[in-house]
Amino acid sequence: CTSVVAEDSKGNLLHGRNLDFGLFMGWDLKNKSWIMSEKLKPLVVNLDFRRNNKTVFKSTNFAGYVGMLTGIRPHLFSLTMNERFSLDGGYIGILEWILGQRDGMWMSFLTRSVLENATSYENARSLLAQTKLLAPAYFILGGNQSGQGCIITRSRELSLDLLELNVKLGRWYVLETNYDHWEDPFFLDDRRTPAMTCMNMTTQNNISIKTLYDVLSTKPVLNKLTTYTTLMQVSNGNLESYIRDCPNPCMPW
Amino acid sequence: TTQFIPPYTEDCRTDMYPPKGPTFRSTVSWYTIDLDLPPHKRWTSVIKDKKKDLDDMIQAVRDLAKAFVPSGRLIELVDISLPLMLNTLPNPFRDEIKGIASDSGIPLGEITLFNIFYEVFTV
């Protein structure tokens, strides 16, 4: 996955993501694609969660999956999660859950709960950073005011790091793939460098939903695992998503 | 020229929006989830439309499991054990998952597996 929160020169917050899923889950030799990624594409839906006939939050999701990976609470915050691989992974959390230690939360249930119940950017950040989880994760959170954007790097127990927007320091965007931002990505899976190159070339003055889509459309940010691209703008509550293909030549991940 | 050598890194794309061309497959349909409904009824309209696609995806998971354990025991284990684990999940998630299994006709354990994919695949 690749997630970006960017602040334009007027202080508007934009949030985009590519959802990549299905690595090593069957390769279709004929079509040169991942079987699971292709099977997931027709399941992508946009959801408008309503209570008392009013929108509470919106999400891009897979039909049949009740947790959330991508969503927006209009006028308050936007949220995406990226997978964080670790030996201390979710299978240990599942084992603990089966053995009766149930003080952790399932990742996608937490994100849904935050989208449904958090009352502000700060409240969402605090819940995502402090709730014990069954699996490690990266949470990418965007807000509605200048400076409100961050990457929360989570282990199962702790918040390991919080990287926030800081326009005064020149950090007008935060970008996360699937590696800790303070370490180099795996050399065979470096989507961070091309994505940051394109963000830097775009510049803060020209960043928009349109140019964010351009960045997320550049290979290998766009790759064979990319199922959908979602673009969100908290200030107007807008969420739009598109099912993607990556024509050959294209990286398998 | 670098775009023809792995990792096929391109020059930064421009003018891709509005989405079109070979990297764009389709737009995404909108559905409403009414949080005032009981959890087991919330997903009915989505599943009604996506039943076949959901079934196809679950079949791909079954095929993958069979590739690893040809006897089919892995899926048997999923079908037997995961419904037991589902009963330990918090609501409204538990009842929503039960509703999806009921609406789709797909075994409860397999729908539960789909819903805990993230935790299973973070290693």
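Every chain is numbered from 1, with letters handed out A, B, ... down the list of sequences.
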| query | If you measure only the distance, is there a donor-acceptor pair under 3.5 Å linking the side chains of R84(A) and S155(A)? | reply | no
| remark: Whatever's closer than 4.5 Å to a heavy atom in chain B on L47(A) counts as both
| query | With distance as the sole test, does K98(B) use its side chain to make a donor-acceptor pair with the main-chain N or O of H40(B) at under 3.5 Å? | reply | no
| Do T2(A) and N18(A) have side-chain N/O donor and acceptor atoms under 3.5 Å apart? | no
| request: Please confirm whether the backbone N or O of Q59(B) pairs with a side-chain atom of K39(A), one donor and one acceptor, at under 3.5 Å? | output: no
| Top residue by heavy-atom pair count (under 4.5 Å) with chain B, among P136(A), P42(A), G26(A), S59(A)? | P42(A)
| message | Using a 4.5 angstrom heavy-atom cutoff, name the option from I100(B), I111(B), V61(B), L89(B) with the most pairs to chain A. | response | L89(B)
| Can D214(A) and T14(B) be counted as having a side-chain donor-acceptor contact under 3.5 angstrom? | no
| request: Say whether S208(A) and Y17(B), considering side chains only, have a donor N or O and an acceptor N or O under 3.5 Å apart. | output: no
| So, D189(A) versus Y179(A): side-chain donor-acceptor pair below 3.5 Å or not? | yes
| V56(A) portion near chain B, given a 4.5 angstrom heavy-atom threshold | side chain
| message | Can a side-chain donor-acceptor contact be found between T153(A) and D180(A) if the only test is distance below 3.5 angstrom? | response | no
| field | chain B contact via N52(A) - which portion, at a heavy-atom distance below 4.5 Å | value | both
| Do E240(A) and Y242(A) have a side chain donor and acceptor closer than 3.5 Å? | yes
| Which answer fits A195(A), side chain, backbone, both or neither, if we ask what part of it has an atom under 4.5 Å from a heavy atom of chain B? | neither
| Side chains of T211(A) and T202(A): do they bring a donor and an acceptor to under 3.5 Å? | no
| query | What residues of residues 75-88 of chain B sit under 4.5 Å from chain A when you count only heavy atoms? | reply | M85(B), T88(B)
| field | Contact origin within R191(A) toward chain B - heavy atom pairs under 4.5 Å | value | neither
| field | salt_bridge(K210(A), D15(B)) N-O dist < 4.0 Å | value | yes
| field | Residue selection (most heavy-atom pairs with chain A, distance under 4.5 Å) from D34(B), I116(B), V46(B) | value | I116(B)
| task | Could you check R42(B) against F49(A) for side-chain contact (heavy atoms from CB on, under 4.5 Å), going step by step and ending with a plain yes or no? | result | CA-CA 10 Å; R42(B) 290 176 183 171; F49(A) 286 80; over 6 Å; no
| query | Among side-chain atoms of W106(A) and E119(B), is any donor-acceptor pair under 3.5 angstrom? | reply | no
| task | Name the region of Y228(A), side chain, backbone, both or neither, that has any atom closer than 4.5 Å to a heavy atom of chain B. | result | neither
| For W97(A), is it the side chain, the backbone, both, or neither that has a heavy atom closer than 4.5 Å to a heavy atom of chain B? | side chain
| So which part of I92(A) gets closer than 4.5 Å to some heavy atom of chain B, the side chain, the backbone, both or neither? | neither
| Is there a donor-acceptor contact under 3.5 Å from the side chain of D28(A) to the main chain of K30(A)? | yes
| said: Given heavy-atom pairs under 4.5 angstrom as the criterion, report whether the side chain, backbone, both or neither of L95(A) touches chain B. | reply: neither
| field | Interface moiety of P92(B) toward chain A, non-hydrogen atoms closer than 4.5 Å | value | side chain
| field | Criterion side-chain hydrogen bond (donor to acceptor under 3.5 Å, both in side chains) against R17(A), the qualifying member of T80(A), T60(A), T229(A), T70(A) | value | T70(A)
| request: Would you tell me whether D20(A) and T226(A) have side-chain atoms, one donor and one acceptor, within less than 3.5 Å of each other? | output: yes
| said: I'd like to know which of Y31(B), F24(B), F93(B) tops the heavy-atom pair count under 4.5 Å against chain A. | reply: F93(B)
| Under a 4.5 Å heavy-atom cut-off, does chain B meet the side chain of M25(A), its backbone, both or neither? | both
| message | Does any backbone or side-chain atom of R244(A) lie under 4.5 Å from a heavy atom of chain B? Answer side chain, backbone, both or neither. | response | both
| task | Would you check if the distance from the ring center of F117(B) to the ring center of Y65(A) is below 6.0 Å? | result | no
| said: Are there residues of residues 47-57 of chain B whose heavy atoms fall under 4.5 Å of chain A's heavy atoms? If so, which? | reply: I47(B), K50(B), D53(B), L54(B), D56(B), M57(B)
| field | M201(A), part contacting chain B, at a heavy-atom distance under 4.5 Å | value | side chain
